[in-house]
S.K.: 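Below is one structure. I have some questions about it.
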Number of protein chains: 2
Amino acid sequence: MSHNFHTQHSPFGAFASFTVGLHNSPGGFGQSLGEPADQNIYVGYKEKNGDWKLLPFFVPQVSAEGSFVEANEFVHDVSSGEVNLIPMAETEFERSLGWASDEWTAGPIRWKIASPFTQTGHPAQMDEPTARFSFAPVLSSVLQCDNTSGSEPLEIIFGLSSPEQPWRFLEDAGKGMTGFTLGSSYGFATSPGEGIEPCQAFSLFDPKFKDSFGIHRLGNEAGFLFTVPAGEKKSFPIALGFYKEGRVTTGVESTFFYTNYFDGLDSVLAYGLAKQVDYFTLAEKRNAELDASFLSEDQKFLLAQATHSYFGSTEMLQQAGEPLWVVNEGEYRMMNTFDLTVDHLFYELAWHPWAVRDVLDLFVDRYAYRDEIRLADGSLVEGGLSFTHDMGSVNQFTPPGYSSYECAELTGCFSQMTMEQLVNWVCCAVTYAEKTGESDWLRGKEKILLDCAESMRRRDHPDAEKRDGIMKWNSSRCGSSGAEITTYDSLDVSLGQAGNNLYLAVKTLGAWLLLEKAFDQLEMKDQAVAAQESADLLATTLSGKFEEETGFFPAVFEEGNQSRIIPAVEGLVFPLYLGMTEVLSPEGRFSGLLQKLREHLRNVLVSGVCLDEVSGGWKMSSTSYNTWFSKIALSQYVVRQLFPDTMSGKAEAADAVHANW
Amino acid sequence: MSHNFHTQHSPFGAFASFTVGLHNSPGGFGQSLGEPADQNIYVGYKEKNGDWKLLPFFVPQVSAEGSFVEANEFVHDVSSGEVNLIPMAETEFERSLGWASDEWTAGPIRWKIASPFTQTGHPAQMDEPTARFSFAPVLSSVLQCDNTSGSEPLEIIFGLSSPEQPWRFLEDAGKGMTGFTLGSSYGFATSPGEGIEPCQAFSLFDPKFKDSFGIHRLGNEAGFLFTVPAGEKKSFPIALGFYKEGRVTTGVESTFFYTNYFDGLDSVLAYGLAKQVDYFTLAEKRNAELDASFLSEDQKFLLAQATHSYFGSTEMLQQAGEPLWVVNEGEYRMMNTFDLTVDHLFYELAWHPWAVRDVLDLFVDRYAYRDEIRLADGSLVEGGLSFTHDMGSVNQFTPPGYSSYECAELTGCFSQMTMEQLVNWVCCAVTYAEKTGESDWLRGKEKILLDCAESMRRRDHPDAEKRDGIMKWNSSRCGSSGAEITTYDSLDVSLGQAGNNLYLAVKTLGAWLLLEKAFDQLEMKDQAVAAQESADLLATTLSGKFEEETGFFPAVFEEGNQSRIIPAVEGLVFPLYLGMTEVLSPEGRFSGLLQKLREHLRNVLVSGVCLDEVSGGWKMSSTSYNTWFSKIALSQYVVRQLFPDTMSGKAEAADAVHANW
């Protein structure tokens with residue numbers, strides 16, 4: 001597999017990344033960006049002829065010198081001649097992306113960045129050392145050089161450009177470090193020592209101007225020149241740190257949680273250097289776990305890359321002394337998007353389940369709403385409880401009860417997701433409580449669970465007599481001409497429309513099964529029975545939608561829709577994950593429906609239907625090309641666990657395609 | 001004159017600008033940038049056919065919608081059809097740049113931005129209302145529409161794009177305002193009312209998506225749609241505000257002074273709206289003063305544009321409760337560059353003289369140093385006191401005694417400016433004290449003045465017997481191969497080299513005359529006499545450098561240099577400004593030298609020498625093309641006051657050229 005791709009390297013909860021890996025592209029330090037930063041990254045070694053061989057993480061720069069010395073005839077007095085920067089070809093270096101690290105090997109050098117993670121308890125209960133270690137906005141990096149077989153000293157470099165402004169020389173701070181930062185926002189540092197020369201210039205490889213400290217403070221390129229004596233092997237630790245003080249969000253005003261433990265960037269960098277060994281040890285532990293897992297190489301890669309990206313989107317804030325957790329939505333940077341919460345739920349339950357609970361609580365406390373529903377004749381009747389699609393975007397919290405995404409009078413992208421998010425709250429909440437055993441928390445949410453159940457039923461039909469289990473009526477928030485959509489907002493109607501939708505119906509079934517279990521747990525017998533009845537009704541209706549003649553479920557139960565979709569089974573992931581094997585047994589309560597879903601899967605996991613004819617990748621819908629890997633993974637899990645016989649060789653092989661995407 | 005140029009509109013001391021005016025270019029809110037921001041600015045009116053006529057302050061945008069809805073077939077359901085945005089041609093609108101405002105008139109609309117200023121006392125002694133009014137990081141703007149002759153309502157718009165992220169809807173803040181901000185960094189607001197509709201969308205003129213508030217919070221364009229009924233004329237106030245909390249500088253850690261008085265952007269905007277009338281009244285007062293002045297139209301323009309730029313570079317900080325004043329150097333953003341301090345000295349003495357004093361104090365307290373000087377034989381002997389070129393760059397203060405600019409082993413740009421800054425401190429300090437009458441402050445600087453005098457003399461020659469008044473020896477900070485330069489760092493050797501330099505020698509003479517006056521004032525008789533002797537010695541030496549055969553002073557007194565320079569007289573600006581008419585009288589103590597300078601000027605202010613052959617503009621040196629307008633202005637002042645007969649018609653006419661630059 002090509003190693004030509006960007007990866008985010010991110011401290012936990014800092015909403016910040018050091019991005020690197022795409023060839024001939026810049027990257028570097030980015031604070032809360034929606035795209036990679038634009039700093040050149042220079043890592044490489046000097047050849048005997050004076051040329052520099054560098055990892056290809058830079059684009060040629062126009063020296064900022066020109067803007068100062070235009071029309072000045074003097075400057076070239078001190079030109080030190082031409083220096084060639086040679087980007088390494090793809091074949092000249094290797095890359096190894098681990099679960100919690102990334103490593104490049106090129107000739108005599110090895111550069112590694114660690115972004116370790118571990119299980120954590122709730123930040124509000126953390127002792128100070130744990131909080132500092134868990135949330136320090138710093139990455140550990142090490143540049144190694146093996147000159148054991150060399151007969152001359154070898155020079156290697158680590159440096160970055162900064163297109164916007166000069167770097168600040170950290171040595172002035174006098175904290176036993178040397179390095180460079182961009183103001184107080186981010187930067188890199190190492191421990192001073194023999195063979196370590198800090199450099200700052202308009203061109204790092206051809207520094208024409210040096211002040212009394214041997215640098216030029218107006219230079220927008222900075223780094224370290226390391227010299228490794230002949231016959232030696234050396235490792236140079238480099239901490240990569242971030243810091244942002246003051247209020248970072250509006251709507252709800254909050255600051256970064258780590259500001260409780262670090263008074264600024266310099267402290268962060270010093271801490272990062274001090275804890276290098278611990279961070280690398282932890283990263284190696286995670287890497288070893290992933291290596292030892294039963295996953296295929298492609299799956300390991302997908303999980304590693306996804307984990308790196310996830311951490312780049314995490315944001316541990318605090319408001320009035322209370323921790324406030326946000327996961328941002330990649331390039332869109334929407335905050336705690338519920339459709340994503342429900343996807344990384346499983347990851348978070350494994351590593352920091354408190355994050356799930358805090359988000360669910362915030363949805364109840366600030367982002368719940370009640371609506372009406374619009375019936376066929378256009379009349380509005382009481383709807384019920386639901387939750388917003390998100391909580392804002394780009395650090396701007398929306399007002400209580402409203403998302404940044406959802407608009408009125410639409411039938412596609414940006415329409416309301418009332419039913420989808422209602423089901424998401426139920427699935428996340430019960431999964432969280434069951435998995436963690438926090439029944440007290442669930443008991444505190446009794447009223448919400450009851451309101452959710454009632455709201456789910458009313459969206460089927462306000463008249464109990466007319467219910468068949470499937471959502472039909474749109475929220476009043478859609479306005480008179482709009483219709484609810486699902487999380488699959490940029491696919492076609494097969495997955496986009498919420499009403500009469502196969503995907504959402506099966507997910508609703510999953511939610512009823514969870515509610516049944518939860519009410520049981522809470523000893524709310526009547527409610528448990530009612531949930532069971534709702535599930536059975538829905539399952540029966542669903543079974544009736546199967547087209548015996550084609551062997552498929554239609555994606556939408558109206559207007560003769562003939563799209564075929566994989567996420568028909570997505571909603572079963574929740575009971576499956578909770579080990580509810582009995583109810584999902586092929587011989588159990590839903591044997592009829594499960595048999596039909598099996599046949600559906602067997603017919604969709606076929607080239608030209610939901611396996612892409614050209615690439616072989618999984619297409620969520622036979623009639624759309626857009627996709628999300630997180631959703632593929634959910635369906636894959638259900639297919640592998642519940643319908644393994646439908647997993648054709650071709651379907652199995654597709655992970656290589658997904659990894660390539 | 002063309003009205004196609006950018007102007008910075010800037011609150012006092014916020015190091016922030018709202019930049020607008022260059023045609024077909026974006027601009028908008030910029031916090032501490034080195035270049036204009038990149039927001040489209042939409043100001044215009046809707047024509048009867050539905051097209052929008054807009055001031056040409058935007059570039060066509062690719063809608064951010066695409067990144068969300070790629071491959072989505074639904075979205076175009078709600079397209080409201082094409083909307084034409086027509087940028088007005090240069091002939092379709094007028095612009096009027098005032099000393100403290102900027103105004104565009106186009107068809108029925110008039111848009112005005114005020115950036116008023118007034119005399120202020122020291123911030124540390126300001127009462128709270130004065131401090132709030134003086135340093136509120138807000139601009140007042142008003143959009144007027146005259147529909148008195150219209151028969152239908154007229155729609156007009158004010159809006160901005162934000163390439164980086166969506167706007168935040170301010171109405172949520174519930175403070176009686178409506179508007180949009182970018183997080184808590186900057187934004188615009190008005191008072192809600194009839195005919196005022198806030199809009200936010202991917203495309204402001206074609207909003208496809210609206211939430212329950214009538215906006216789309218993911219939209220990166222936002223503004224107000226104002227409707228003016230037929231037969232009416234209306235004015236809509238718009239406050240343009242900035243805010244930056246927390247530490248903004250490193251090296252010396254400081255926060256913005258205004259954070260004492262405003263807790264965030266919303267308060268700033270509310271204050272700006274409340275004080276609109278006061279701010280506009282003050283701006284009109286300044287405008288009237290400039291209009292009524294004796295200056296030519298070109299000079300008025302140059303002063304107005306320079307004043308706007310100056311305020312964009314001002315930064316009122318505070319460190320540990322003490323005000324900390326910085327002026328940043330335009331695109332380079334070096335902090336309190338001494339060569340610029342000495343240029344805007346005169347402006348600051350008129351409006352906020354405390355700024356001069358604070359900078360001089362900081363140069364003494366943190367940015368003074370002592371060096372050695374290198375003699376002809378390469379030996380180093382004691383030099384003396386001087387000051388750094390600057391105090392850092394881009395909010396990064398350098399360590400005590402060092403600038404961001406000055407390097408070693410150079411003979412051109414980025415070399416040391418030891419003698420230049422030494423003379424600058426003397427000229428600024430005495431000018432400040434004499435102008436303000438603050439003799440107590442000057443008395444407190446006795447020791448510094450004495451050290452400066454000694455340092456000036458030693459740089460001529462450490463052996464008093466061998467002095468002729470002219471600086472010859474370079475600072476040890478230049479290293480063994482470097483040489484000091486002057487502020488004219490990007491011109492050729494005629495102005496670039498410090499030693500034996502005509503410009504610097506006459507400026508040194510100016511400094512001696514000021515020292516003589518200061519020591520007299522402080523009743524330090526012996527020192528006054530010594531300064532007088534130094535001045536006379538220097539004047540005599542200088543007179544001897546005049547080339548009777550050519551009628552010029554050479555720019556550099558060595559190697560047969562034949563460059564001709566205007567700033568030969570620049571250094572006389574200080575005694576002239578202080579009204580020292582007697583010593584500068586043509587019949588006085590320096591009659592010989594002044595007569596020769598007069599002849600020099602008569603010969604340089606000639607086309608093909610120091611008037612550019614093509615444009616007619618003033619060239620600082622006959623052998624260089626680069627220039628700075630602030631330096632032209634200083635020399636112009638001296639020429640007009642002291643040598644008016646050398647001001648040829650061509651030289652006089654050049655201000656139109658300078659305005660055009």
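Within every chain, numbering begins at 1; the chains are lettered A, B, ... in the order of the sequence lines, protein sequences first and strands thereafter. Computed from heavy atoms alone, side chains included, the values below leave out hydrogens, waters and symmetry copies.
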S.K.: If you look at every heavy atom in B:Tyr243 and A:Arg247, which pair is closest and at what distance?
M.R.: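 Between these two residues, the closest heavy atoms are CE2-NH2, 3.9 Å.
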S.K.: If you look at every heavy atom in A:Arg333 and B:Glu164, which pair is closest and at what distance?
M.R.: NH2-O, 2.8 Å
S.K.: Measure A:Phe169 against the heavy atoms of chain B and call it side chain, backbone, both or neither at under 4.5 Å.
M.R.: neither
S.K.: Most heavy-atom pairs under 4.5 angstrom with chain A, which of B:Gly251, B:Gly34, B:Pro166?
M.R.: B:Pro166
S.K.: For a quick test of reading the model, state the closest non-hydrogen atom pair linking A:Pro399 to B:Phe213 and the distance between them.
M.R.: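 In this case the closest contact between A:Pro399 and B:Phe213 is CG-CZ, 4.2 Å.
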S.K.: Checking side-chain contact (heavy atoms from CB on, under 4.5 Å) for the pair A:Met334/B:Leu218: CA distance, chi angles, key distance, verdict?
M.R.: CA-CA 9 Å; A:Met334 284 180 278; B:Leu218 295 177; 3.9 Å; yes
S.K.: If you measure from CD on A:Glu245 to OG1 on B:Thr255, what distance do you get to the nearest 0.5 Å?
M.R.: 9.0 Å
S.K.: What is the minimum heavy-atom distance between B:Arg217 and A:Ser393, and which atoms define it?
M.R.: O-OG, 4.4 Å
S.K.: Report which part of B:Ser403 has an atom under 4.5 Å of a heavy atom belonging to chain A: side chain, backbone, both, or neither.
M.R.: backbone
S.K.: With sequence neighbours left out, write down each residue that passes side chain to side chain donor-acceptor pair (under 3.5 Å) with A:Asn395, or none if nothing qualifies.
M.R.: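 Residues passing side chain to side chain donor-acceptor pair (under 3.5 Å) with A:Asn395: none at all.
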S.K.: Looking at every heavy atom in both A:Glu406 and B:Asp211, which two are closest together, and how far apart are they?
M.R.: O-CB, 3.3 Å
S.K.: Taking side chain as everything from C-beta outward and backbone as N, CA, C, O, which of these in A:Ser185 sits under 4.5 Å from a heavy atom of chain B? Side chain, backbone, both or neither.
M.R.: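 It is neither, since no heavy atom gets under 4.5 Å.
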S.K.: Which heavy atom of A:Thr250 sits nearest to which heavy atom of B:Gly183, and what is that distance?
M.R.: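 Scanning both residues completely, I find the closest heavy atoms to be CG2-C, 3.6 Å.
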S.K.: Can you tell me how far apart NE2 (A:His216) and CG (B:Leu410) are? Round to the nearest 0.5 Å.
M.R.: 8.0 Å
S.K.: Residues two or more places apart in sequence or in another chain: which of them pass side chain to side chain donor-acceptor pair (under 3.5 Å) with A:Thr398?
M.R.: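 Counting only residues at least two positions away or on another chain, A:Thr398 forms no side chain to side chain donor-acceptor pair (under 3.5 Å).
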S.K.: Does any heavy atom of chain B fall under 4.5 Å from the side chain of A:Thr249, the backbone, both, or neither of them?
M.R.: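 For A:Thr249, no heavy atom lies under 4.5 Å from chain B.
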S.K.: If the plane angle is over 60° it's perpendicular, under 30° parallel, otherwise tilted; pick one for A:Phe414 and B:Phe202.
M.R.: tilted
S.K.: What option among A:Gly246, A:Ser404, A:Gly479, A:Ser481 has the most heavy-atom pairs under 4.5 Å with chain B?
M.R.: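 So the answer, after comparing A:Gly246, A:Ser404, A:Gly479, A:Ser481, is A:Ser404.
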